[in-house]
Asks: 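Structure incoming, see below.
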There are 2 protein chains.
Amino acid sequence: MGPIRSMLSKSDVTEQQWRVLRVVEEEGPIEPTRIADQACLLLPSLTRILQKLEEKQLIVRERDKVDRRKQVVQIAPAGAELIAANLAASVELMNGVRDRMGPDRYEALLDLLNELDGIDDSSR
Amino acid sequence: MGPIRSMLSKSDVTEQQWRVLRVVEEEGPIEPTRIADQACLLLPSLTRILQKLEEKQLIVRERDKVDRRKQVVQIAPAGAELIAANLAASVELMNGVRDRMGPDRYEALLDLLNELDGIDDSSR
DNA sequence: CCGCTTTGCTAAACATGTTAATTAAATTAC
DNA sequence: GTAATTTAATTAACATGTTTAGCAAAGCGG
């Protein structure tokens with residue numbers, strides 16, 4: 001089990017749940033379509049993950065008052081605590097990967113992946 | 001749906017099934033642990049994929065005669081035909097991605113991903 | 001020769017990715 | 001004002017990734 005996954009399993013969240021929580025905590029209140037975009041997830045996958053996070057009482061969902069097609073998602077106190085408890089360690093693990101690879105090469109990898117992503121999109 | 005996935009769905013195989021078929025066709029007769037290694041798949045995932053390919057009669061599996069823990073996997077005639085029917089088109093699609101990105105950048109991306117993979121392995 | 005360890009593969013269970021379809025709500029066009 | 005279209009989210013179904021556990025077979029050490 002990877003180091004981040006192992007750390008998160010102690011707080012009973014998966015990597016994808018963590019990524020979604022991070023987006024909600026940093027940019028909330030936020031709508032699901034925007035979370036999906038930010039977290040690079042398809043909506044059906046996100047819906048299921050949000051349902052799990054709601055069940056675990058880490059987020060709160062409510063209907064938008066102006067446009068009732070939409071939802072507003074916010075972090076719950078328990079979710080904020082979980083992030084506070086794990087953020088430093090997860091940043092450190094990511095920094096460890098970046099340092100072992102070398103910051104320049106790490107950035108180059110991210111750039112190339114984004115470029116590939118752009119190629120995928122434009123060929124559809 | 002991505003171009004390769006779309007093409008393959010006409011032959012009723014998924015991308016992962018295709019990748020496994022390719023390994024079996026190129027390196028068969030071959031054992032599952034080696035397929036898993038070559039195709040970057042975990043064994044339980046591979047076992048299920050092989051079961052599907054066997055069900056579709058695209059491969060044949062039999063017990064190794066010397067070491068009965070092991071299996072030998074071979075391409076079946078229908079599997080060879082499916083590969084023959086799709087190989088040129090899939091290579092062309094991959095070449096299209098490489099050309100749009102530029103061969104140097106494409107190779108750089110593969111190198112950096114392999115390097116990252118090495119970092120993952122050594123930190124466990 | 002026997003008990004223990006290792007290896008190869010499978011099964012179960014859960015999470016997530018994906019596609020297609022559906023429902024409800026808003027917008028647009030006439 | 002109404003019908004058609006678009007948008008936001010969900011559901012269903014299937015495939016696959018992952019972890020854990022289990023079983024059978026082979027290898028190793030004493």
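In this text the structure is predicted, and so the values were computed from the model without any measurement. Just so we're on the same page: letters track the sequence lines, and every chain starts at 1.
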Asks: Roughly, in whole Å, what's the span from CG in B:Leu50 to P in C:dC9?
Replies: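 Value for this atom pair: 9 Å.
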Asks: What's B:Val66 touching, base or sugar-phosphate or nothing? Going by heavy atoms closer than 4.0 Å.
Replies: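 It contacts sugar-phosphate atoms only.
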Asks: Return no unless some side-chain N or O of B:Arg68 is found under 4.0 Å from OP1 or OP2 of D:dA25.
Replies: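 It does, given that an N or O in the side chain of B:Arg68 lies less than 4.0 Å from OP1 or OP2 of D:dA25.
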Asks: For B:Thr33, answer base if it contacts any base atom (sugar-phosphate contacts may also be present), sugar-phosphate if it contacts only those atoms, and nothing otherwise; contact means non-hydrogen atoms under 4.0 Å.
Replies: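 If one applies the 4.0 Å heavy-atom cut-off, B:Thr33 turns out to touch the sugar-phosphate alone, with no base involved.
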Asks: Please say whether more than 12 non-hydrogen atoms of neighbouring residues, nucleotides or ligands are located less than 6.0 Å from CD in A:Glu92.
Replies: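 12 or below, so no.
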Asks: What integer distance in Å separates B:Ile35:CD1 from C:dT10:C1'?
Replies: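 Checked: the CD1 to C1' distance equals 15 Å.
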Asks: For the backbone of A:Thr14 and the side chain of A:Gln17, can you confirm whether one donor and one acceptor N or O come within less than 3.5 Å of each other?
Replies: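 Yes, because the side chain of A:Gln17 sits within donor-acceptor range (under 3.5 Å) of the backbone of A:Thr14.
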Asks: Would you say A:Glu15 has more than 12 foreign heavy atoms packed within less than 6.0 Å of its CD?
Replies: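 Above 12, so yes.
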Asks: Measure CD/B:Gln71 against P/C:dC9 and give the value in whole Å, please.
Replies: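 Checked: the CD to P distance equals 6 Å.
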Asks: Going by atom types only, do A:Arg19 and A:Gln16 share a side-chain donor-acceptor pair under 3.5 Å?
Replies: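 Yes, because at least one side-chain N or O of A:Arg19 sits under 3.5 Å from a partner of the opposite role on A:Gln16.
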Asks: Extract from the structure each pairing of a protein N or O with an N or O of nucleotides 15-18 of chain D at less than 3.5 Å, listing the distance.
Replies:
from, atom 1, to, atom 2, distance (Å)
D:dA15, OP1, B:Lys52, NZ, 3.3
D:dA15, OP2, B:Lys52, NZ, 3.4
D:dT16, OP1, B:Thr14, OG1, 2.2
D:dG17, OP1, B:Gln16, NE2, 2.3
D:dG17, N7, B:Arg48, NH2, 2.8
D:dG17, O6, B:Arg48, NH1, 3.3
D:dT18, O3', A:Arg5, NH1, 2.8

Asks: Round to the nearest Å and state the distance from B:Leu43 atom CG to D:dC23 atom P.
Replies: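 The answer, rounded to whole Å, is 18 Å.
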Asks: Nearest whole angstrom, please: distance from the P of D:dT6 to the NZ of A:Lys70.
Replies: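 Going from NZ in A:Lys70 over to P in D:dT6 covers 18 Å.
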Asks: Between B:Asp12 (CG) and D:dC14 (P), how many Å, whole number?
Replies: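 Going from CG in B:Asp12 over to P in D:dC14 covers 13 Å.
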Asks: Would a distance-only check, ignoring hydrogens and angles, find a side-chain to backbone donor-acceptor pair under 3.5 Å from B:Arg98 to B:Pro103?
Replies: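 Between the backbone of B:Pro103 and the side chain of B:Arg98 there is no qualifying donor-acceptor contact (under 3.5 Å).
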Asks: Taking the side chain of A:Thr47 as its heavy atoms from C-beta onward, which of D:dA9, C:dA24, C:dC9 lies nearest to it?
Replies: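 Given the options D:dA9, C:dA24, C:dC9, the side chain of A:Thr47 is closest to D:dA9.
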Asks: Without decimals, in angstroms, what is the distance between A:Arg34 CZ and D:dA9 C1'?
Replies: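 Answer to the nearest Å: 17 Å.
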Asks: Quick one: A:Asp67 CG to C:dT23 C1', roughly how many Å, whole number?
Replies: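 These atoms are roughly 15 Å apart.
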Asks: Knowing that exactly one of B:Asp12, B:Leu82, B:Ile75 qualifies, which makes a side-chain contact (heavy atoms from CB on, under 4.5 Å) with B:Leu58?
Replies: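 Result: among B:Asp12, B:Leu82, B:Ile75, B:Leu82 is the only option passing the side-chain contact (heavy atoms from CB on, under 4.5 Å) with B:Leu58.
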Asks: Under a 3.5 Å threshold, yes or no: a donor from one side chain and an acceptor from the other, between A:Glu31 and A:Gln71?
Replies: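 No, no side-chain donor-acceptor pair sits under 3.5 Å.
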